[in-house]
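Letters A, B, ... mirror the listed sequences (proteins, then strands); counts begin at 1.
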Amino acid sequence: MEYNFREIEKRWQQQWKETGAYKVSNSSSKPKYYVLDMFPYPSGAGLHVGHPLGYIASDIFARYKRLKGFNVLHPMGYDAFGLPAEQYAIDHGIHPAVSTEKNINTFRKQLDNIGFCYDWDREIRTSDPEYYKWTQWIFLRLFKSWFNRKTKKAESIDELIKIFETEGNINHEIPNSRFQISNLSAAADLKSPVFSAANWASFDEFTQQSILMEYRLAYCGYGEVNWCEALGTVLANDEVINGVSERGGHPVVKKKLRQWYLRITEYADRLQNDLDTLEWSDAMKEMQTNWIGRSSGAEIVFKLASPPAPLREEKGLGDEATPGVRVYTTRPDTIFGVDFMVLAPEHELVEQITTPEQKATVDEYVAWVKSRSERERMAEKKISGCFTGAYAINPLSGKEIPIWISEYVLAGYGTGAIMAVPSGDERDHKFAQYFGIPITNIFGDVYKGDEAIADKNVTLYNSGFITGLKVKDAAEEVIEWLEDNGNGERKINYKMRDAAFSRQRYWGEPFPIIWKDGIAYPLKESELPLELPHVDSYKPGPEGEGPLANISSWVDIPTLDGDPTGLRRETNTMPGYAGSSWYFLRYMDPHNKEIFCDREVSDYWNQVDLYIGGTEHAVGHLLYSRMWTKALYDLGYIGFNEPFKKLVNQGMIQGSSRFVYRFTSVSFGNSIQDAGKGFISDSNEEESYPIFISYSIYQKYLDKEISKRDLLNLINEAGNTTFIPVDENDFEIALLKIHVDVNIVDGIELDIEAFKRWRNYEYSNARFVLENGKYICGTEIEKMSKSKFNTVNPDDLVNKYGADTFRMYEMFLGPVEQSKPWDTKGIEGVHRFLKKLWRLFYDEAGPTWTLAAPTSLERAEDEPTAEELKVLHRTIKKIEEDTERFSFNTAVSAFMIAVNELTELKCNKKSILEKLLVLLAPYAPHISEELWRQLGNTGSVLDAAYPVFEEKYVTESSKSYPIAVNGKTRTEITIALDATQQQVEEIVMADAVVQKWLGGKAPKKIIYVKNRMINVVI
RNA sequence: GCCCCGGUGGUGGAAUUGGUAGACACGCAGGACUUAAAAUCCUGUGACCCGCAACGGUCGUAACGGUUCAACUCCGUUCCGGGGCACCA
């Protein structure tokens, strides 16, 4: 009987579906285990072989845990809101809900093909109103909460109101250093307004609400966005290139828009500290740590040296109006080495302090910087800057230092100003050198003048009262001095900024917020979900608002009689990460109508035990879900404060692209002969022939191994064309490198006939410059994507080899965490392995076992031999260990070894083989189930007992030791494992090979590592 | 510019704590079976040297250096590839 994978896989998938084999209950006496994949965005392109890598890994682990006796939750769903569907709607007029539904169905079909054990009754879609009802609900919880810095947790805003009513905000100052609501900052003076209970009572509703907004975890403020007037829309950072839009090349300017934010900065400390409780890779933790960017140092006030009189008079400023410049530094110890100060060009003081002489230069520089994107400023290597003409006074040394501005200082971090210490900071050093600013040496002989001293184990020189101290002690001394003298204070800073939480788009969750007179009022819970209205146009609204602003019937809320009320709905929608920040909770209790997830249920499932996904979400999704989890925990809705206990990052499967090289034109000086038009000597001058040049010939031409003239001759020959250079030396050949579909290339050889049919016969009349009669393609490893024609569809492979082969091959490719290019070639080997496994059950004579006679008595019930048991138990140990450490590629090879060895032993004993099937079931469930049943088992292999490893079957009494002489292996000797050092030495010394290498000398010593090796040192 | 990950045969990769480098596959070459093909099976396969051969030797994990009885593994320097970034003071 043949291994008929198509029939087998179809039959078992059907049966598992009918019996609800993957249905998971929320109550069980078994221990729980929660395995989760990062859910996919259902793109129109469908799945390619890169997607299932992580899904297969998690599926194997989920099945393994189930066999090990756990109640395993392993759900799947769709992150269904997103920009591509909206763009598709703009381009094709298809409603995003329609295209999304269609894409989801495609995804589902493709996923089902691979035989995953998802409990599809728990499927969720973030765009489903039944789902986003709860996204909106959680948003309202965040809106109605604030972060109490005293208790370090989120609390109800009602508590805060009570505090204000009794004591004002004396104990709870406004968390952000800058006000987000402009009206308030205008009304209140200075940075940190403190008000009393009496003040609070006297405020009108608008002022009270504006103040509360400064505390809410989800709040409204103003932020700069990339605004493109021509497109009438807001652009993402990577849609802006060199100050113009990626599409169309229109100018892009910064525009302030009202935006929603999440006050994630309040959680910075907890997000940082709790990383210690997680089983994530160090690289991942490092990325989050860098993003949070906690640093400690000092904020120091530098008084301005008497500001230029003309300016002071012109602006009517007195001395008291120049309070100084605050800088943040992590190296207060280097204060005596400050040679200049640098402000961000956007810094509010720049305008005030610039001297008339410098004004023109400064204005020009500031204008130039404003035209540059944040990306550009970041990647810029060239030093640029500009002197303001003003000076500041170092509070410790009293020294006057020049104040510069430069794009390398960012307005959004710290105070937007730095004290520059060239001898201690590389960037400051380069800046000083570039502009010829004198450098003060505070490191004595250690500083040579050519580069800054970053080493923190040095002693300070030339540093006033901290001279002779080490970095750490000096920093403490300086901070104490600053605090004592009122010139600054100790400060902890974070790189992280609050998360922008609104988008000017249609296809996202609407905010359950209504505005009236500048005050945001939340909808009642009973009014949720606030559903997306139907629109006919997806064009942006006025003033950078989203498409929702165009639907006045939805935006404006009249009274029952239709009178205008001034009530207006929020027109922003939530960003992509809103729905994905909490979805792992909904899977636990997906159909609950009362609450997003019942507390008892979330108490049972608790954290996600294993989360598998790519590193691209390292700082976005993973930080936001951690914050949402912490907030929900603080508010008592769940009982754990970290969502994902263990995280495994799957590598990217890269595409292996193939290229053809098309000849496009020959140019002679100013004239161009275009290959597409004329110059073709065939019957019809109008006809054009695309001509393609095989890779090696192209490469030889690039390497100048063949001349331009030779290449032109080859082209003329292949194309039957008559390109003739007017001047033998002065002509250029233009060639175009084009991606070609990898599916019509065998290895690197182009299937010419398929190529002619490709792209709807676009190249049906193509002609080729071949090598040895073949067209060879160029190759490159790059991202797998449809536009690069390097995607491979899993459906094709499943159809050809079966799901079991596909699953195992994806794993066999290499470690899950590692990125690697896809190559279909090796899949044959894995398929052969499954066929070989099958032959252990069905020999040449036909079926050894059938359902009617499940066991062949005389053979199957034979006692297994010691050899067979050894193979089995070695395999049990290896598979279990490898599965536990996610080393699936080595597990697959262990299966291959086991089958090879059992074939060698001609073993077809049921007691051996059926245990092997259980081990294999997580990896290749279909064939395992089929053979398991063929062996006469009535239950499913999905719930079989996992084989238990027994040491006794694999213990050896001796080992073949490698014998090295001076570290180089020279021979092998089999020695009993319990041999003593002395016995080993005797055996080794008696060996002829060892004697040969000793050459009569006595060894210095003999190193004997039990069960490892022996080394003879001469 | 900064951060992270990686570099091992023709290819994907293995070597889990420093202890026989190249497991397991792919590919390739040769052979068996077959009229033939497919399928299957067997043998060989890092490079180089010596030799009729068994055996043996030298080199070899990006490059160079170091630690060690012993280094793909640890340390230092350099080069190359991939990914990320908010120049974070």
Side-chain angles (χ1 to χ4, degrees), chain A residues 2 237 281-284 286-287 289-291 293 295 297 327-331 334 342 374-383 406-410 412-415 417-421 424-428 430 493-497 614-616 618-619 649 651-652 654 747 781-783 809 812-815 817-830 832-833 835-836 839 844 878 881-882 885 887 889-897 900 903 960-972 993 996 1003-1009 1011-1018:
Chain A
E2 282 284 297
N237 268 339
S281 71
D282 289 341
M284 203 61 157
E286 213 168 316
M287 277 188 253
T289 298
N290 289 342
W291 189 268
S295 67
V327 302
Y328 171 71
T329 179
T330 54
R331 294 289 303 277
T334 61
V342 187
E374 215 165 319
R375 281 262 161 106
E376 282 175 304
R377 285 176 64 173
M378 201 179 63
E380 184 58 69
K381 280 177 239 170
K382 272 208 325 246
I383 297 162
S406 172
E407 66 170 347
Y408 83 88
V409 174
L410 299 181
Y413 183 71
T415 59
I418 64 161
M419 54 178 226
V421 183
D425 182 279
E426 195 49 45
R427 204 175 34 210
D428 297 345
K430 284 186 176 141
N493 237 328
Y494 301 92
K495 275 199 285 182
M496 187 164 64
R497 305 199 270 262
T615 45
E616 66 270 25
V619 282
N649 291 115
M652 203 190 354
Q654 292 148 321
I781 305 295
E782 45 187 5
K783 219 172 180 158
Y809 182 59
F812 190 57
L813 226 43
E817 306 92 336
Q818 208 170 294
S819 289
K820 56 236 156 193
W822 178 266
D823 183 2
T824 303
K825 276 245 155 105
I827 199 169
E828 295 277 356
V830 174
R832 260 173 228 153
F833 152 75
K835 284 203 274 195
K836 203 165 174 183
R839 282 199 302 278
E844 313 79 45
K878 178 79 177 147
E881 283 175 0
D882 284 357
R885 66 188 176 106
S887 179
N889 57 326
T890 52
V892 174
S893 88
F895 280 121
M896 289 173 169
I897 293 168
N900 287 346
T903 304
S960 173
Y961 281 94
I963 312 298
V965 178
N966 278 346
K968 287 196 162 111
T969 306
R970 297 299 179 186
T971 187
E972 280 182 23
V993 177
K996 187 185 109 186
K1004 272 192 200 138
K1005 74 176 152 177
I1006 294 174
I1007 291 160
Y1008 164 49
V1009 183
N1011 213 11
R1012 290 285 185 190
M1013 46 66 69
I1014 292 155
N1015 191 12
V1016 181
V1017 184
I1018 302 172

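Among the heavy atoms of the strands lying under 4.0 Å from A/N900 are primed sugar atoms or P, OP1, OP2 only; no base atom is included. If you check every strand for non-hydrogen atoms under 4.0 Å, A/M496 touches a base. Note on A/P821: nothing from the nucleic acid sits closer than 4.0 angstrom, heavy atoms only. A/I897 comes within contact range of the sugar-phosphate backbone alone, with a heavy-atom separation under 4.0 Å but no base atom that close. Heavy atoms of A/M896 sit under 4.0 angstrom from primed sugar atoms or phosphate atoms, though from no base atom.
In this structure, A/K835 reaches the B/U40 phosphate: one of its side-chain N or O atoms is under 4.0 Å from OP1 or OP2. Look at A/R970 and you won't find any side-chain N or O under 4.0 angstrom from OP1 or OP2 of B/U20. For B/C4, the OP1/OP2 oxygens have no side-chain nitrogen or oxygen of A/N290 closer than 4.0 Å.
RNA chain B is contacted by both A/T890 and A/A417; A/T890 maps to the nucleotide lying nearer its 5′ end (nearest heavy atom per residue).
Across B/C41, B/A21, B/A89, the shortest atom-to-atom separation from the side chain of A/T330 is found for B/A89. Of all nucleotides listed (B/U16, B/U40, B/G13), B/U40 comes nearest to the side chain of A/R832. The A/V1009 side chain lies nearest to B/G19 when the options are B/U58, B/G19, B/C41.
Rounding to whole angstrom units, CH2 of residue A/W291 and C1' of B/C3 are separated by 13 Å. A straight line from CD1 of A/I418 to P of B/A86 spans 19 Å, rounded to a whole angstrom. Atom OH in A/Y1008 sits about 15 Å away from atom P in B/U20, given to the nearest Å. Distance, A/F812 CZ to B/U11 P: 16 Å, rounded to whole Å. Protein atom CE of A/M284 is 13 Å distant from nucleotide atom P of B/G84, rounded to whole Å.
The base of B/U20 is not paired with the side chain of A/K968 by any donor and acceptor separated by under 3.5 Å.
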- A/N649/A/M284 under side-chain contact (heavy atoms from CB on, under 4.5 Å): CA gap, chis, key distance, verdict: CA-CA 9 Å; A/N649 291 115; A/M284 203 61 157; 3.4 Å; yes
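Across all strands shown, B/A62 forms a Watson-Crick or G-U wobble pair, both distances under 3.5 Å, with B/U78. Nucleotide B/G30 has B/C42 as its partner under the Watson-Crick or G-U criteria, with both atom distances under 3.5 Å.
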